[in-house]
Amino acid sequence: MIELEKTYDHSKVEEKIYSQWLESGFFNPDNLPNAETREPFTISLPPPNVTGTLHMGHAFEDTIQDIMIRYERMLGKKALWLPGTDHAPIATESKVAKLIEKEEGKRKTDFSREEFVSKVKEFAQTSHDTIVKQVRSMGASVDWSREAYTFDDKRNLAVRTAFKRMYDQGLIYRGFRVVNWDVKGQTVISDDEVVYVERPAKLYTFRYSKDFPITISTTRPETKVGDTAVAVHPEDDRYKQFVGKEYDAEFCGVPIHIKIIADKTVEKDFGTGALGVTPAHSMTDAEIARRHNLPSKAIINEYGKMTVGDERILNKKTAEARESVVLWLNEQGLMEKEEDIQQNVATAERTGGIIEPLPKTQWFINVNKEFPLPHSELQGIKEGEMVTLKKLMRHVVENGQIKIAPERFEKIYYHWIDGLRDWCISRQLWFGHQIPVWYKGDETYCDINPPKGEGWVQDPDTLDTWFSSGLWTFSTLGWPEQTSDLKTFHPTSLMMPGYEILFFWVARMILMSTYLLGQIPFKQVVLHGIVRDSKGRKFSKSLNNGVDPLDMTSKYGTDALRMALVFGAAPGNDTIFDEQKVKGMKHFANKLWNIARFILSNEDVVRPFMGIKEANKSADYITLAPITDADKEILAKLDEVIKNVTSHMEAFRLHEAAQEIYQFTWHELADIYLEKSKDQLQNKELKDSTLLTLNFSLLTVLKLLHPFIPFITEEIWGKLSQKELLIVANWPK
RNA sequence: GGGCGGUUAGCUCAGCUGGUUAGAGCGCUGCAUUCACAUUGCAGAGGCCACAGGUUCGAAUCCUGUACCGCCCACCA
């Protein structure tokens, strides 16, 4: 007779069980029973940023991946879940800069680069330790022995190697062009990091000067001091007569020279149908200027201040300069109209600052350049075949080597690729992988290691965080070295990120892996949604609606939180976090506990139990007559549940799987069969078969539930004096 | 401007390839407490599955359209 306490107390169990798992070594696939013959199954953990603590979204992500890896481990796979963290330069650097300003009253520029970077590294280390604790407390069965960091030495070598290869093949180049400058973050960012925010704005309609023949409309009159042309549609009869003519004017004290040009991209119906072209401070205008060979005149600097004109605008911020220009236009009688409109303003994803398009020299990855693929294990593309990075990214999804679920995201992915422009990878930050390029006079040197000799200066810029994240699936396995891990575990099997990083990360991993390894990075992507608060809002600092996963786990238990997060969460759909749900799942855990308590309270339980522990199918016991209809029924239902849960797992319908076992456990096994068994246990003839049925049902339910609620199931399993841990038990068939 | 998703019980959501009286959790109502569990059990109320057409023997599920809500993308300044 085995006695359990009346209620399940997660606080006494979770640390103990996690330690048992760690001691067993089974998180490391090399230590699994019969590891040599197992088929590899790999998940790379999307590395959380080392900017602080984890939120409910991370808890959700950890949960669904842990469910999959535990399931695959029980299926007999050589299951590797590789953890790590991301140095996330923009977020981390700005976070530390803020902290220093608050605590020491100093600014980033008061320190040397080395001093500042070491402070950031210190912060990142603390943050890392917190994150590890949190991942651990979620019960994540990650292989800590293989933990990686996007900014450690091994990953740095991978980054330099990748850069060098792309540079040598002409896929990375340095170019001067209009880029997205984040005034607040003081760095360039890529197109994907630009977020458009709709805001009310004024649309001004005016002429440059009294004798200028065309009126133009703009929301940014201050930039007109940098105009070099006015563009109209080629078929606009109003303006045909002026095309090709050139005019001089003085605009708010600044002399300008304007050429009238015709370009198809101009909308006849917007504003006056004439567009003032500012080649230095607008991406679109820069493209028009390139088509028409127009000169470009920079008039705004990195601080968002005007660099031309007199005291009315010089050194003023653009918004202030705008007021001055508007005043001048009105004074001169040049203003025709001021209208209120809604406008999309470009802001930086991380800092929220305004994007000021500026002409600058930066590093880019050319996504359209044709080149021979150095090595290929991809289906449908041969080694040496001419490809572009865009083509590679599209191809592997199109021909099904990589599957994206839910399927609708494949279309979104293609659409993104089709509109993709060269990827700006340099950042004016200190914390990050410094670009492995050195200069001396007119010479440029790119290599994995610095050049020998005196006088070389390394490019001060660092790389976009997604450059190193793009290497994640293989840099974590030892690349560029040809390690046995790389051979065994790459391509990885499954990737489970949020849909919001499909472009940022998933696409970049596909780019890097197909190019550098000639392999897909993963076979299957399952995108999950965002966890929102009970009112459907995103969790955010400004709303102060955050819920700390650790509070939930200590209050209700990790199992309860995991089950609550996965219950009702369909792939790709956002989910609402509700504390009530966690509470309900704590009740479920307690229910399971009491089912076990009842079964184990029978004195004879050990004897029949020992007899069935090796078996895996209910069919094996049905033959053990006498057996009642109730026995048959519960065993038949159990078979069906096994079948259904397995098929849900295979299709990543974790929410369906969870619901199915929940229903069975509570409302079939506990509510119906357990009650009937009470009578049967009184009958000597039926006692043995009843105990067999009870035990078999419990064992099976524990197995089925283990990926979802690993702690309590392992704890009960342990009470059943099993030789092996549940974590490596066989998935029922 | 283009694309995508949502609209199912009071609330939050499932419903996989169309098939018996549409499900869950929470909440609500009534009854039950020494017998695994009150973190409980039993019983129950509650839904023209957004709307309008169509396909089908049969539609919450497929097609067309409409209306709201939300998201993504985009060089209308």
With no hydrogens and no angle check, just 3.5 Å: does a side-chain donor-acceptor pair link Y8(A) and E715(A)? no
Nearest-neighbour nucleotide for the D671(A) side chain, G15(B), G25(B), C42(B) considered: C42(B)
Distance between the C1' atoms of U21(B) and G46(B), in whole angstroms? 16 Å
Can you tell me the distance, in whole Å, between the CG atom of D9(A) and the C1' atom of U39(B)? 13 Å
Which residue lies toward the 5' end of RNA chain B, R408(A) or R653(A), if each is placed at its nearest nucleotide? R408(A)
Between C26(B) atom P and M563(A) atom CE, what is the distance in whole Å? 12 Å
Please determine, by modelled atom types, if D263(A) and H292(A) share a side-chain donor-acceptor pair under 3.5 angstrom. yes
Between A60(B) and G41(B), how far apart are the two C1' atoms, rounded to whole Å? 33 Å
Using the P atom on both, measure G54(B) against C16(B) and round to a whole Å. 25 Å
Want to settle it: does A569(A) or L674(A) sit nearer the 5' end of RNA chain B, counting the closest nucleotide to each? A569(A)
Whether N573(A) contacts A14(B) is assessed here as follows: a side-chain N or O lying under 4.0 Å from the phosphate OP1 or OP2. Is that the case? yes
Can you tell me which nucleotide in C72(B), C75(B), A36(B) comes closest to the side chain of I412(A)? C72(B)
Let's see if you can work this out: which of U39(B), A24(B), A36(B) has an atom nearest to the side-chain heavy atoms of F567(A)? A24(B)
In this structure, are over 12 heavy atoms from other groups packed under 6.0 Å from K240(A) atom NZ? yes
What nucleotide, of C26(B), A36(B), C76(B), holds the atom closest to the side chain of N594(A)? A36(B)
Measure the acute angle between the ring planes of W666(A) and Y662(A), then classify it against the limits of 30° and 60° as parallel, tilted or perpendicular. tilted
Tell me whether the side-chain N/O atoms of K678(A) come closer than 4.0 Å to OP1 or OP2 in C35(B). no
Nearest to the side chain of F270(A), heavy atoms from C-beta on, is which of C73(B), A14(B), A77(B)? A77(B)
Send over the distance from E198(A) CD to G1(B) C1', rounded to a whole Å. 13 Å
Could you give the distance separating C28(B) and G19(B) at their P atoms, to the nearest angstrom? 34 Å
Parallel, tilted or perpendicular: which describes the rings of H528(A) and F60(A), with under 30° parallel and over 60° perpendicular? perpendicular
Can you measure F598(A) atom CZ to C35(B) atom P for me and round it to whole angstrom units? 12 Å
Gap between atoms CD and C1', on Q659(A) and C26(B) respectively (whole Å): 13 Å
In whole angstroms, how far is the P atom of C71(B) from the CZ atom of F503(A)? 16 Å
Give one of base, sugar-phosphate or nothing for R421(A), where a contact means two heavy atoms less than 4.0 Å apart. sugar-phosphate
Under 4.0 Å: is that the gap between some side-chain N or O of W666(A) and OP1 or OP2 of G25(B)? no
Atom C1', compared across C26(B) and U34(B): separation rounded to whole Å: 30 Å
Separation of atom NE2 in H292(A) from atom C1' in C75(B), rounded to whole Å: 13 Å
Nearest to the side chain of H667(A) - C75(B), G25(B), U39(B)? G25(B)
Residue A570(A), side-chain atoms from C-beta onward, closest of A14(B), A77(B), A36(B): A14(B)
May I ask you to check if R177(A) and F364(A) form a cation-pi contact, with NZ or CZ under 6.0 angstrom from the six-membered ring centre and within 45° of the axis? yes
If we take the P atom in both A14(B) and U8(B), what is their distance in whole Å? 11 Å
Examine the side chains of W731(A) and T646(A) and answer whether a donor and an acceptor come within less than 3.5 Å of each other. yes
Less than 3.5 Å between a donor and an acceptor, one on the side chain of E675(A) and one on the base of A36(B), is that the case here? yes
Test the R394(A)-Y414(A) pair against the cation-pi criterion, namely NZ or CZ under 6.0 angstrom from the six-membered ring centroid and within 45° of the ring axis. yes
Identify which nucleotide among U39(B), A24(B), C73(B) has an atom closest to any side-chain atom of N590(A), counting heavy atoms from C-beta outward. U39(B)
Please state how far atom CD1 in I288(A) lies from atom P in C76(B), giving the value in whole angstrom units. 11 Å
Between G5(B) and A77(B), how far apart are the P atoms? Round to whole Å, please. 28 Å
With a non-hydrogen cut-off below 4.0 angstrom, is E267(A) in contact with a base, only sugar-phosphate, or nothing? base
Counting side-chain heavy atoms from C-beta on, which of U12(B), C75(B), C26(B) comes nearest to I576(A)? U12(B)
Give me the distance, rounded to whole Å, that separates G15(B) from U7(B) when you measure between the P atoms they each carry. 10 Å
Indicate whether OP1 or OP2 belonging to G23(B) is found under 4.0 Å from a side-chain N or O atom of H655(A). no
Look at all strands and tell whether Y662(A) reaches a base, only sugar-phosphate, or nothing, counting heavy atoms closer than 4.0 Å. sugar-phosphate
So does K411(A) get a side-chain nitrogen or oxygen closer than 4.0 Å to the phosphate oxygens (OP1/OP2) of C72(B)? no
Looking for any heavy atom pair under 4.0 Å, which part of the strands does A596(A) touch: base, sugar-phosphate only, or nothing? nothing
Considering every strand and a 4.0 Å limit on heavy-atom distances, what is the contact class for T218(A): base, sugar-phosphate, or nothing? sugar-phosphate
Please confirm whether any donor atom in the side chain of K6(A) sits under 3.5 Å from an acceptor in the base of A36(B), or the reverse. no
